2 protein chains.
Amino acid sequence: MIITKAGRRMFPAMRVKTAGLNPHQQYYIAMDIVPVDNKRYRYVYHSSKWMVAGNADSPVPPRVYIHPDSPASGETWMRQVISFDKLKLTNNELDDQGHIILHSMHKYQPRVHVIRKECGEELSPVKAVPTGDGVKAFSFPETVFTTVTAYQNQQITRLKIDRNPFAKGFRDSGRNRMGLEALVESYAFWRPSLRTLTFEDIPGITKQECLLYSNSFPERGCRIAIRI
Amino acid sequence: MIITKAGRRMFPAMRVKTAGLNPHQQYYIAMDIVPVDNKRYRYVYHSSKWMVAGNADSPVPPRVYIHPDSPASGETWMRQVISFDKLKLTNNELDDQGHIILHSMHKYQPRVHVIRKECGEELSPVKAVPTGDGVKAFSFPETVFTTVTAYQNQQITRLKIDRNPFAKGFRDSGRNRMGLEALVESYAFWRPSLRTLTFEDIPGITKQECLLYSNSFPERGCRIAIRI
DNA sequence: TACTTTTCACCTAGGTGCGAAGAT
DNA sequence: ATCTTCGCACCTAGGTGAAAAGTA
(Lines give C-alpha, C1' and ligand atoms only; values in the text may rest on other atoms or scores of the structure.)
Protein backbone atom coordinates (compact mmCIF):
# COMPACT_ATOMS: atom_id res chain seq x y z
CA MET A 1 0.00 0.00 0.00
CA ILE A 2 1.42 3.41 -0.95
CA ILE A 3 2.04 5.85 1.88
CA THR A 4 2.99 9.50 1.37
CA LYS A 5 3.73 12.56 3.41
CA ALA A 6 0.41 14.19 2.50
CA GLY A 7 -1.59 11.01 3.09
CA ARG A 8 -2.77 8.43 0.60
CA ARG A 9 -6.01 6.49 0.48
CA MET A 10 -5.91 2.73 0.62
CA PHE A 11 -6.93 1.05 -2.57
CA PRO A 12 -9.06 -0.90 -2.50
CA ALA A 13 -10.78 0.50 0.54
CA MET A 14 -11.98 -1.73 3.36
CA ARG A 15 -15.72 -2.31 3.22
CA VAL A 16 -17.63 -4.24 5.86
CA LYS A 17 -21.16 -5.11 6.79
CA THR A 18 -22.42 -5.57 10.31
CA ALA A 19 -25.08 -7.87 11.70
CA GLY A 20 -26.37 -8.62 15.15
CA LEU A 21 -26.06 -5.09 16.51
CA ASN A 22 -28.72 -3.74 18.81
CA PRO A 23 -30.85 -1.62 16.44
CA HIS A 24 -31.54 1.05 19.05
CA GLN A 25 -28.07 1.24 20.56
CA GLN A 26 -25.63 3.93 19.37
CA TYR A 27 -22.20 2.79 18.20
CA TYR A 28 -18.98 4.23 16.89
CA ILE A 29 -17.22 2.28 14.18
CA ALA A 30 -13.51 2.87 13.78
CA MET A 31 -10.43 1.45 12.14
CA ASP A 32 -6.85 1.20 13.25
CA ILE A 33 -3.90 -0.55 11.66
CA VAL A 34 -1.50 -2.67 13.68
CA PRO A 35 1.87 -4.25 12.84
CA VAL A 36 1.72 -7.89 11.82
CA ASP A 37 5.19 -8.62 13.17
CA ASN A 38 8.32 -6.98 14.43
CA LYS A 39 10.12 -6.92 11.08
CA ARG A 40 11.14 -4.56 8.34
CA TYR A 41 11.00 -5.93 4.82
CA ARG A 42 12.60 -5.42 1.47
CA TYR A 43 11.40 -6.60 -1.88
CA VAL A 44 13.71 -8.98 -3.67
CA TYR A 45 13.11 -8.38 -7.29
CA HIS A 46 14.60 -11.55 -8.80
CA SER A 47 12.53 -13.81 -6.56
CA SER A 48 9.48 -11.51 -6.46
CA LYS A 49 9.27 -11.89 -2.71
CA TRP A 50 9.24 -9.73 0.37
CA MET A 51 12.17 -10.76 2.61
CA VAL A 52 12.88 -9.85 6.20
CA ALA A 53 15.42 -7.03 6.28
CA GLY A 54 15.84 -6.41 9.97
CA ASN A 55 13.70 -5.45 12.93
CA ALA A 56 10.80 -3.06 12.85
CA ASP A 57 11.36 0.67 13.25
CA SER A 58 10.29 2.22 16.52
CA PRO A 59 6.53 2.61 17.12
CA VAL A 60 4.60 5.50 15.56
CA PRO A 61 2.00 7.73 17.24
CA PRO A 62 -1.29 5.82 17.59
CA ARG A 63 -4.07 6.93 15.24
CA VAL A 64 -7.65 5.81 14.90
CA TYR A 65 -9.89 6.52 11.93
CA ILE A 66 -13.38 7.08 13.31
CA HIS A 67 -15.89 6.35 10.59
CA PRO A 68 -17.50 9.68 9.64
CA ASP A 69 -21.03 8.32 10.10
CA SER A 70 -20.23 7.77 13.80
CA PRO A 71 -22.04 7.74 16.06
CA ALA A 72 -25.07 6.00 14.59
CA SER A 73 -27.64 3.46 15.68
CA GLY A 74 -27.13 -0.26 15.11
CA GLU A 75 -30.05 -0.06 12.72
CA THR A 76 -28.29 2.57 10.61
CA TRP A 77 -24.98 0.71 10.57
CA MET A 78 -26.59 -2.61 9.63
CA ARG A 79 -28.51 -1.05 6.75
CA GLN A 80 -25.39 0.04 4.87
CA VAL A 81 -22.06 -1.14 3.59
CA ILE A 82 -19.52 0.60 5.77
CA SER A 83 -16.74 1.94 3.60
CA PHE A 84 -13.40 3.25 4.80
CA ASP A 85 -12.49 4.90 1.54
CA LYS A 86 -11.71 8.31 3.06
CA LEU A 87 -9.08 6.87 5.41
CA LYS A 88 -5.55 7.97 4.54
CA LEU A 89 -2.13 6.54 5.31
CA THR A 90 0.99 8.61 5.86
CA ASN A 91 4.62 8.07 6.72
CA ASN A 92 4.84 11.52 8.30
CA GLU A 93 5.26 10.95 12.03
CA LEU A 94 4.43 14.62 12.63
CA ASP A 95 1.18 14.44 10.65
CA ASP A 96 -1.51 16.80 11.93
CA GLN A 97 -4.26 15.83 9.49
CA GLY A 98 -5.44 12.90 11.56
CA HIS A 99 -4.13 10.34 9.07
CA ILE A 100 -2.95 6.93 10.13
CA ILE A 101 0.81 6.92 10.57
CA LEU A 102 2.74 3.86 9.38
CA HIS A 103 6.32 2.89 8.59
CA SER A 104 7.22 2.10 5.02
CA MET A 105 8.37 -1.44 4.22
CA HIS A 106 6.44 -2.99 7.11
CA LYS A 107 3.49 -5.37 7.24
CA TYR A 108 0.22 -4.23 8.71
CA GLN A 109 -3.23 -5.52 9.54
CA PRO A 110 -6.28 -3.21 9.52
CA ARG A 111 -8.79 -3.75 12.33
CA VAL A 112 -12.43 -2.74 12.55
CA HIS A 113 -13.73 -1.69 15.95
CA VAL A 114 -17.34 -1.51 16.99
CA ILE A 115 -17.68 0.61 20.09
CA ARG A 116 -20.87 0.98 22.07
CA LYS A 117 -21.45 4.66 22.74
CA GLU A 118 -20.99 5.81 26.30
CA CYS A 119 -19.27 2.66 27.38
CA GLY A 120 -17.12 4.56 29.84
CA GLU A 121 -13.82 5.20 28.10
CA GLU A 122 -13.66 7.80 25.38
CA LEU A 123 -12.74 7.37 21.72
CA SER A 124 -10.09 9.64 20.25
CA PRO A 125 -8.41 9.86 16.83
CA VAL A 126 -5.01 10.10 18.50
CA LYS A 127 -5.32 7.49 21.22
CA ALA A 128 -5.41 3.72 21.07
CA VAL A 129 -8.91 2.28 20.88
CA PRO A 130 -10.11 1.45 24.38
CA THR A 131 -10.68 -2.18 25.27
CA GLY A 132 -13.27 -3.71 27.52
CA ASP A 133 -16.96 -4.38 27.55
CA GLY A 134 -18.83 -2.69 24.73
CA VAL A 135 -15.86 -2.72 22.37
CA LYS A 136 -15.17 -5.43 19.82
CA ALA A 137 -12.33 -5.66 17.31
CA PHE A 138 -12.36 -7.56 14.03
CA SER A 139 -9.60 -8.27 11.59
CA PHE A 140 -9.45 -10.16 8.35
CA PRO A 141 -6.19 -11.95 7.49
CA GLU A 142 -6.72 -11.40 3.77
CA THR A 143 -6.38 -7.65 4.30
CA VAL A 144 -2.78 -7.72 5.51
CA PHE A 145 -0.62 -5.47 3.35
CA THR A 146 2.91 -4.13 3.00
CA THR A 147 3.58 -0.40 2.97
CA VAL A 148 5.77 1.22 0.31
CA THR A 149 6.50 4.72 -0.94
CA ALA A 150 6.74 3.43 -4.52
CA TYR A 151 5.48 0.17 -5.95
CA GLN A 152 7.96 -2.69 -5.91
CA ASN A 153 5.92 -5.11 -7.96
CA GLN A 154 4.63 -4.60 -11.48
CA GLN A 155 1.60 -6.82 -11.03
CA ILE A 156 0.42 -4.77 -8.08
CA THR A 157 0.92 -1.58 -10.06
CA ARG A 158 -1.14 -3.00 -12.87
CA LEU A 159 -3.94 -4.12 -10.60
CA LYS A 160 -4.12 -0.65 -9.07
CA ILE A 161 -4.12 1.03 -12.48
CA ASP A 162 -6.73 -1.32 -13.88
CA ARG A 163 -9.09 -1.11 -10.96
CA ASN A 164 -8.76 2.39 -9.46
CA PRO A 165 -10.86 4.87 -11.45
CA PHE A 166 -8.46 7.67 -10.57
CA ALA A 167 -5.61 5.86 -12.32
CA LYS A 168 -7.45 5.53 -15.62
CA GLY A 169 -4.91 7.79 -17.29
CA PHE A 170 -2.30 5.07 -16.97
CA ARG A 171 -4.30 2.33 -18.62
CA ASP A 172 -2.67 1.85 -22.00
CA SER A 173 -5.69 0.24 -23.56
CA GLY A 174 -4.13 -2.75 -25.26
CA ARG A 175 -1.37 -0.76 -26.91
CA ASN A 176 1.69 -2.70 -25.84
CA ARG A 177 0.18 -4.54 -22.99
CA MET A 178 -2.61 -7.02 -23.11
CA GLY A 179 -2.81 -10.16 -25.14
CA LEU A 180 -6.21 -11.76 -25.42
CA GLU A 181 -5.50 -14.00 -22.47
CA ALA A 182 -4.65 -11.09 -20.21
CA LEU A 183 -7.75 -9.32 -21.39
CA VAL A 184 -9.96 -12.26 -20.51
CA GLU A 185 -8.22 -12.62 -17.19
CA SER A 186 -8.74 -8.98 -16.29
CA TYR A 187 -12.37 -9.24 -17.33
CA ALA A 188 -12.75 -12.11 -14.90
CA PHE A 189 -11.72 -9.68 -12.19
CA TRP A 190 -14.61 -7.44 -12.98
CA ARG A 191 -17.16 -10.17 -13.28
CA PRO A 192 -16.15 -12.53 -10.50
CA SER A 193 -19.56 -14.15 -10.59
CA LEU A 194 -18.61 -15.72 -13.89
CA ARG A 195 -15.99 -17.90 -12.30
CA THR A 196 -14.56 -18.37 -8.89
CA LEU A 197 -11.18 -16.78 -9.04
CA THR A 198 -8.88 -17.20 -6.13
CA PHE A 199 -6.10 -14.73 -6.06
CA GLU A 200 -3.43 -17.34 -5.89
CA ASP A 201 -4.31 -17.93 -9.52
CA ILE A 202 -2.40 -14.83 -10.48
CA PRO A 203 1.27 -15.64 -10.81
CA GLY A 204 3.88 -13.50 -9.16
CA ILE A 205 1.65 -11.65 -6.72
CA THR A 206 2.18 -11.96 -3.03
CA LYS A 207 -0.82 -13.42 -1.35
CA GLN A 208 -1.20 -10.60 1.13
CA GLU A 209 -1.38 -7.68 -1.25
CA CYS A 210 -3.41 -9.64 -3.72
CA LEU A 211 -6.10 -10.81 -1.38
CA LEU A 212 -6.83 -7.31 -0.28
CA TYR A 213 -8.54 -6.87 -3.59
CA SER A 214 -11.25 -9.26 -2.52
CA ASN A 215 -12.69 -6.49 -0.42
CA SER A 216 -13.74 -4.60 -3.46
CA PHE A 217 -15.84 -7.47 -4.70
CA PRO A 218 -19.19 -6.87 -3.08
CA GLU A 219 -20.02 -10.55 -3.02
CA ARG A 220 -16.84 -11.26 -1.08
CA GLY A 221 -17.10 -8.26 1.20
CA CYS A 222 -15.95 -8.84 4.72
CA ARG A 223 -18.74 -9.29 7.16
CA ILE A 224 -18.79 -9.02 10.86
CA ALA A 225 -21.56 -10.44 12.96
CA ILE A 226 -21.65 -9.52 16.58
CA ARG A 227 -23.77 -8.61 19.50
CA ILE A 228 -22.35 -6.20 22.00
CA MET B 1 -31.65 32.24 -6.49
CA ILE B 2 -31.46 29.71 -9.34
CA ILE B 3 -33.54 26.57 -8.97
CA THR B 4 -33.34 23.60 -11.34
CA LYS B 5 -34.85 20.18 -11.76
CA ALA B 6 -31.66 18.42 -10.65
CA GLY B 7 -31.16 20.77 -7.70
CA ARG B 8 -28.93 23.81 -7.42
CA ARG B 9 -26.89 25.05 -4.47
CA MET B 10 -27.58 28.46 -3.03
CA PHE B 11 -24.87 30.97 -3.61
CA PRO B 12 -23.71 32.33 -1.36
CA ALA B 13 -24.48 29.65 1.16
CA MET B 14 -25.95 30.45 4.56
CA ARG B 15 -23.35 30.35 7.30
CA VAL B 16 -24.17 30.83 10.96
CA LYS B 17 -22.50 30.67 14.33
CA THR B 18 -24.18 29.59 17.53
CA ALA B 19 -23.68 30.71 21.09
CA GLY B 20 -25.33 29.90 24.36
CA LEU B 21 -25.99 26.24 23.66
CA ASN B 22 -25.58 23.70 26.41
CA PRO B 23 -22.13 22.24 25.65
CA HIS B 24 -23.10 18.73 26.73
CA GLN B 25 -26.55 18.61 25.14
CA GLN B 26 -27.01 17.02 21.71
CA TYR B 27 -28.72 19.11 19.02
CA TYR B 28 -29.81 18.82 15.44
CA ILE B 29 -29.40 21.91 13.29
CA ALA B 30 -31.59 22.18 10.22
CA MET B 31 -32.78 24.62 7.61
CA ASP B 32 -36.08 25.09 5.89
CA ILE B 33 -37.25 27.80 3.53
CA VAL B 34 -40.63 29.45 3.88
CA PRO B 35 -42.62 31.79 1.62
CA VAL B 36 -42.28 35.47 2.48
CA ASP B 37 -45.76 36.27 1.18
CA ASN B 38 -48.58 34.87 -0.85
CA LYS B 39 -47.48 36.36 -4.16
CA ARG B 40 -45.92 35.38 -7.42
CA TYR B 41 -43.51 37.90 -8.96
CA ARG B 42 -42.22 38.96 -12.31
CA TYR B 43 -39.17 41.04 -13.06
CA VAL B 44 -39.85 44.29 -14.84
CA TYR B 45 -36.78 44.97 -16.86
CA HIS B 46 -37.21 48.66 -17.57
CA SER B 47 -37.66 49.53 -13.89
CA SER B 48 -35.29 46.82 -12.62
CA LYS B 49 -37.84 45.76 -10.03
CA TRP B 50 -39.71 42.67 -8.96
CA MET B 51 -43.46 43.34 -9.25
CA VAL B 52 -46.35 41.32 -7.91
CA ALA B 53 -47.77 39.19 -10.71
CA GLY B 54 -50.58 37.33 -9.00
CA ASN B 55 -51.05 34.98 -6.09
CA ALA B 56 -48.63 32.31 -5.04
CA ASP B 57 -48.77 28.85 -6.59
CA SER B 58 -50.13 26.04 -4.47
CA PRO B 59 -47.89 24.81 -1.64
CA VAL B 60 -45.03 22.38 -2.33
CA PRO B 61 -44.10 19.26 -0.33
CA PRO B 62 -42.32 20.29 2.87
CA ARG B 63 -38.59 19.63 2.97
CA VAL B 64 -36.02 20.14 5.69
CA TYR B 65 -32.26 20.14 5.20
CA ILE B 66 -30.74 18.52 8.25
CA HIS B 67 -27.19 19.72 8.63
CA PRO B 68 -24.92 16.75 7.93
CA ASP B 69 -23.01 17.20 11.19
CA SER B 70 -26.25 16.50 13.09
CA PRO B 71 -26.59 15.38 15.74
CA ALA B 72 -23.72 16.97 17.61
CA SER B 73 -23.07 18.44 21.04
CA GLY B 74 -23.57 22.12 21.73
CA GLU B 75 -19.83 22.31 22.25
CA THR B 76 -19.17 20.99 18.74
CA TRP B 77 -21.71 23.29 17.12
CA MET B 78 -20.41 26.37 18.91
CA ARG B 79 -16.82 25.63 17.92
CA GLN B 80 -17.48 25.88 14.18
CA VAL B 81 -19.05 28.03 11.52
CA ILE B 82 -22.10 26.10 10.41
CA SER B 83 -22.31 26.16 6.64
CA PHE B 84 -25.28 25.11 4.56
CA ASP B 85 -23.37 24.95 1.30
CA LYS B 86 -24.49 21.43 0.39
CA LEU B 87 -28.17 22.36 0.53
CA LYS B 88 -29.86 22.31 -2.88
CA LEU B 89 -32.97 23.94 -4.26
CA THR B 90 -35.23 22.40 -6.88
CA ASN B 91 -38.43 23.24 -8.69
CA ASN B 92 -39.22 19.56 -9.17
CA GLU B 93 -42.21 18.80 -6.98
CA LEU B 94 -41.54 15.07 -7.43
CA ASP B 95 -37.91 15.38 -6.31
CA ASP B 96 -36.62 12.27 -4.56
CA GLN B 97 -33.12 13.54 -3.77
CA GLY B 98 -34.18 15.26 -0.58
CA HIS B 99 -33.68 18.72 -2.01
CA ILE B 100 -35.74 21.68 -0.90
CA ILE B 101 -38.67 22.21 -3.25
CA LEU B 102 -39.62 25.79 -4.17
CA HIS B 103 -41.68 27.62 -6.76
CA SER B 104 -39.91 29.81 -9.26
CA MET B 105 -40.65 33.53 -9.21
CA HIS B 106 -41.56 33.57 -5.52
CA LYS B 107 -39.93 35.15 -2.49
CA TYR B 108 -38.54 32.98 0.25
CA GLN B 109 -36.91 33.24 3.65
CA PRO B 110 -34.46 30.59 4.90
CA ARG B 111 -34.80 29.62 8.56
CA VAL B 112 -32.29 27.95 10.84
CA HIS B 113 -33.63 25.53 13.42
CA VAL B 114 -31.86 24.33 16.52
CA ILE B 115 -33.49 21.20 17.83
CA ARG B 116 -32.64 19.59 21.12
CA LYS B 117 -32.16 15.88 20.55
CA GLU B 118 -34.81 13.59 21.96
CA CYS B 119 -37.25 16.38 22.60
CA GLY B 120 -40.19 14.11 21.85
CA GLU B 121 -41.14 14.78 18.27
CA GLU B 122 -38.97 13.42 15.50
CA LEU B 123 -37.10 15.32 12.81
CA SER B 124 -37.57 14.24 9.19
CA PRO B 125 -36.27 15.58 5.86
CA VAL B 126 -39.78 15.37 4.41
CA LYS B 127 -41.87 16.72 7.26
CA ALA B 128 -42.24 20.19 8.67
CA VAL B 129 -39.88 20.97 11.53
CA PRO B 130 -41.63 20.24 14.83
CA THR B 131 -42.40 23.12 17.13
CA GLY B 132 -42.43 23.29 20.88
CA ASP B 133 -40.00 23.21 23.73
CA GLY B 134 -36.47 22.36 22.72
CA VAL B 135 -36.86 23.77 19.21
CA LYS B 136 -35.94 27.30 18.20
CA ALA B 137 -36.14 28.91 14.77
CA PHE B 138 -34.08 31.85 13.52
CA SER B 139 -34.36 33.86 10.38
CA PHE B 140 -32.43 36.81 9.02
CA PRO B 141 -34.32 39.33 6.89
CA GLU B 142 -31.26 40.06 4.80
CA THR B 143 -31.34 36.52 3.47
CA VAL B 144 -34.70 36.79 1.72
CA PHE B 145 -34.33 35.90 -1.94
CA THR B 146 -36.36 35.46 -5.12
CA THR B 147 -36.27 32.17 -7.03
CA VAL B 148 -35.69 32.05 -10.78
CA THR B 149 -34.83 29.46 -13.38
CA ALA B 150 -32.65 31.96 -15.22
CA TYR B 151 -31.22 35.23 -13.98
CA GLN B 152 -33.37 38.28 -14.61
CA ASN B 153 -30.85 40.87 -13.53
CA GLN B 154 -27.40 41.43 -14.96
CA GLN B 155 -25.93 42.76 -11.75
CA ILE B 156 -26.89 39.62 -9.90
CA THR B 157 -25.38 37.51 -12.66
CA ARG B 158 -22.18 39.43 -12.40
CA LEU B 159 -22.00 39.16 -8.63
CA LYS B 160 -22.45 35.41 -8.89
CA ILE B 161 -19.81 35.09 -11.58
CA ASP B 162 -17.36 37.29 -9.73
CA ARG B 163 -17.75 35.59 -6.39
CA ASN B 164 -18.56 31.94 -7.03
CA PRO B 165 -15.35 30.00 -7.69
CA PHE B 166 -17.21 27.55 -9.90
CA ALA B 167 -18.20 30.34 -12.28
CA LYS B 168 -14.63 31.51 -12.84
CA GLY B 169 -14.89 30.48 -16.49
CA PHE B 170 -17.29 33.34 -17.11
CA ARG B 171 -15.11 36.07 -15.69
CA ASP B 172 -13.89 37.96 -18.72
CA SER B 173 -10.94 39.47 -16.96
CA GLY B 174 -11.16 43.02 -18.12
CA ARG B 175 -11.66 42.14 -21.78
CA ASN B 176 -14.81 44.09 -22.58
CA ARG B 177 -16.07 44.58 -19.11
CA MET B 178 -14.37 46.33 -16.29
CA GLY B 179 -13.09 49.83 -16.28
CA LEU B 180 -10.73 50.76 -13.46
CA GLU B 181 -13.62 51.95 -11.33
CA ALA B 182 -15.48 48.66 -11.62
CA LEU B 183 -12.26 46.85 -10.83
CA VAL B 184 -11.74 48.84 -7.67
CA GLU B 185 -15.33 48.31 -6.69
CA SER B 186 -15.14 44.56 -7.13
CA TYR B 187 -11.93 44.52 -5.17
CA ALA B 188 -13.71 46.26 -2.33
CA PHE B 189 -16.07 43.28 -2.25
CA TRP B 190 -13.23 40.96 -1.57
CA ARG B 191 -11.59 43.13 1.01
CA PRO B 192 -14.57 44.55 2.83
CA SER B 193 -12.41 45.52 5.75
CA LEU B 194 -10.90 48.24 3.60
CA ARG B 195 -14.11 50.19 3.51
CA THR B 196 -17.61 49.73 4.80
CA LEU B 197 -19.67 48.92 1.77
CA THR B 198 -23.40 48.68 2.15
CA PHE B 199 -25.10 46.86 -0.61
CA GLU B 200 -27.43 49.69 -1.40
CA ASP B 201 -24.32 51.28 -2.88
CA ILE B 202 -24.66 49.04 -5.89
CA PRO B 203 -27.14 50.55 -8.30
CA GLY B 204 -29.90 48.47 -9.79
CA ILE B 205 -29.77 45.56 -7.40
CA THR B 206 -32.77 44.62 -5.34
CA LYS B 207 -31.97 44.83 -1.69
CA GLN B 208 -33.09 41.30 -0.93
CA GLU B 209 -30.92 39.46 -3.38
CA CYS B 210 -28.03 41.73 -2.75
CA LEU B 211 -27.95 41.48 0.97
CA LEU B 212 -27.73 37.75 0.87
CA TYR B 213 -24.17 38.29 -0.18
CA SER B 214 -23.37 39.61 3.22
CA ASN B 215 -23.46 36.07 4.51
CA SER B 216 -20.35 35.24 2.64
CA PHE B 217 -18.41 37.92 4.42
CA PRO B 218 -17.17 36.22 7.56
CA GLU B 219 -17.19 39.43 9.54
CA ARG B 220 -20.85 39.93 8.74
CA GLY B 221 -21.86 36.32 9.23
CA CYS B 222 -25.23 35.76 10.81
CA ARG B 223 -25.07 34.76 14.41
CA ILE B 224 -27.61 33.16 16.60
CA ALA B 225 -27.38 33.23 20.34
CA ILE B 226 -29.76 31.05 22.25
CA ARG B 227 -30.21 28.78 25.16
CA ILE B 228 -32.58 25.89 24.79
C1' DT C 1 -44.06 36.67 -24.73
C1' DA C 2 -42.33 34.78 -20.80
C1' DC C 3 -40.51 31.53 -18.70
C1' DT C 4 -38.10 26.47 -18.33
C1' DT C 5 -35.16 22.70 -19.85
C1' DT C 6 -31.13 20.74 -21.79
C1' DT C 7 -26.56 20.55 -23.18
C1' DC C 8 -22.10 22.26 -22.94
C1' DA C 9 -17.45 24.47 -22.15
C1' DC C 10 -15.13 25.78 -18.32
C1' DC C 11 -14.19 25.75 -13.93
C1' DT C 12 -12.96 23.78 -8.65
C1' DA C 13 -11.35 20.06 -5.89
C1' DG C 14 -8.86 16.34 -5.35
C1' DG C 15 -7.17 11.13 -6.24
C1' DT C 16 -3.72 8.44 -9.54
C1' DG C 17 1.12 6.58 -10.88
C1' DC C 18 5.20 8.41 -13.43
C1' DG C 19 9.78 9.91 -13.55
C1' DA C 20 13.26 13.01 -12.37
C1' DA C 21 15.52 14.60 -8.52
C1' DG C 22 16.76 14.21 -3.69
C1' DA C 23 18.43 11.82 0.48
C1' DT C 24 21.22 8.64 3.07
C1' DA D 1 22.14 1.16 -3.94
C1' DT D 2 17.96 1.81 -2.05
C1' DC D 3 14.42 4.18 -0.79
C1' DT D 4 11.64 8.92 -0.62
C1' DT D 5 9.95 13.33 -2.34
C1' DC D 6 8.04 16.46 -5.57
C1' DG D 7 5.93 18.29 -9.68
C1' DC D 8 3.17 16.74 -13.18
C1' DA D 9 -0.26 15.01 -16.74
C1' DC D 10 -4.31 12.71 -16.51
C1' DC D 11 -8.09 11.28 -14.48
C1' DT D 12 -13.02 11.36 -11.47
C1' DA D 13 -16.68 14.03 -9.62
C1' DG D 14 -19.36 17.66 -9.66
C1' DG D 15 -20.68 23.05 -9.47
C1' DT D 16 -21.08 27.33 -12.87
C1' DG D 17 -23.81 30.44 -16.36
C1' DA D 18 -24.41 30.72 -21.61
C1' DA D 19 -27.08 29.67 -25.29
C1' DA D 20 -30.16 27.10 -27.88
C1' DA D 21 -34.21 24.68 -27.82
C1' DG D 22 -38.55 23.62 -25.62
C1' DT D 23 -43.24 24.89 -23.70
C1' DA D 24 -47.57 26.97 -23.34
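All chains are named by letter (A, B, ...) in the order of the sequence lines, taking the proteins before the strands, and each is independently numbered beginning at 1. The model shown is predicted, which means the values in this text are computed figures rather than measured ones.
Counting to the nearest Å, the P atom of D:dC3 and the NE2 atom of A:H106 are 11 Å from each other. Rounded to whole angstrom, the span from the CZ atom of B:R163 across to the C1' atom of D:dG15 amounts to 17 Å. Summarising the geometry, the separation between OH on B:Y151 and P on D:dA18 is reported as 8 Å, rounded to the nearest angstrom.
Here chain A contacts DNA chain C (any atom closer than 4.0 Å to a heavy atom, that is under 4.0 Å), and the contacts span C:dG14 to C:dC18 from 5' to 3'.
For the pair B:R8 and D:dG17, the criterion of a side-chain N or O lying under 4.0 Å from OP1 or OP2 is met.
With B:F11 as the aromatic partner, B:K160 does not meet the cation-pi criteria of under 6.0 angstrom to the ring centre and within 45 degrees of the ring axis. Within the cation-pi definition used here (under 6.0 Å to the ring centroid, within 45° of the axis), A:K107 does not qualify as a partner of A:F145.
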I'd like to know whether B:H67 forms a ring-ring contact (aromatic ring centres under 6.0 Å, His included) with B:F84, so could you lay out the CA-CA distance, the side-chain angles of the two residues, the decisive distance to 0.1 Å, and finally the verdict. CA-CA 7 Å; B:H67 192 285; B:F84 292 88; 5.4 Å; yes

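When each of B:Y41 and B:K168 is assigned the nucleotide of DNA chain C with its nearest heavy atom, B:Y41 is the one assigned upstream, toward the 5' end. Ranked by how close their nearest DNA chain C nucleotide is to the 5' end, A:F166 and B:A167 are led by B:A167.
Of all non-hydrogen atoms in A:Y27 and A:S73, the two that sit nearest each other are CD1-C, 4.4 Å. Shown here for B:A72 and B:D69, the closest heavy-atom pair between the two residues is CB-O, 3.6 Å.
Going from atom CD1 of A:I29 over to atom CG of A:L123 covers 11.5 Å, rounded to the nearest 0.5 Å. For the atom pair CG of A:N91 and CD1 of A:I100, the computed distance is 14.0 Å after rounding to the nearest 0.5 Å.
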Each nucleotide N or O in nucleotides 19-23 of chain D that has a protein N or O under 3.5 Å away: list the pair and distance.
none

Could you list, one pair per line, each protein nitrogen or oxygen that sits under 3.5 Å from a nitrogen or oxygen of nucleotides 4-9 of chain D, together with the distance?
residue : atom : partner : partner atom : Å
D:dT4   : OP2  : A:S104  : OG           : 2.9
D:dT4   : OP2  : A:T149  : OG1          : 2.6
D:dT4   : O5'  : A:T149  : OG1          : 3.4
D:dT5   : OP2  : A:N91   : ND2          : 2.8

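Among the atoms of the strands shown, none is found under 4.0 Å from any heavy atom of A:K86.
Proximity of a side-chain donor or acceptor of A:R63 to a complementary backbone N or O of A:D95 within less than 3.5 Å is detected.
With contacts defined as side-chain heavy-atom distances shorter than 4.5 Å, the pair B:M14/B:M31 qualifies.
Counting only N and O atoms by type, the side chains of A:D32 and A:Y65 include no donor and acceptor under 3.5 Å apart. The closest side-chain donor-acceptor pair between A:T90 and A:Q97, if any, does not fall under 3.5 angstrom.
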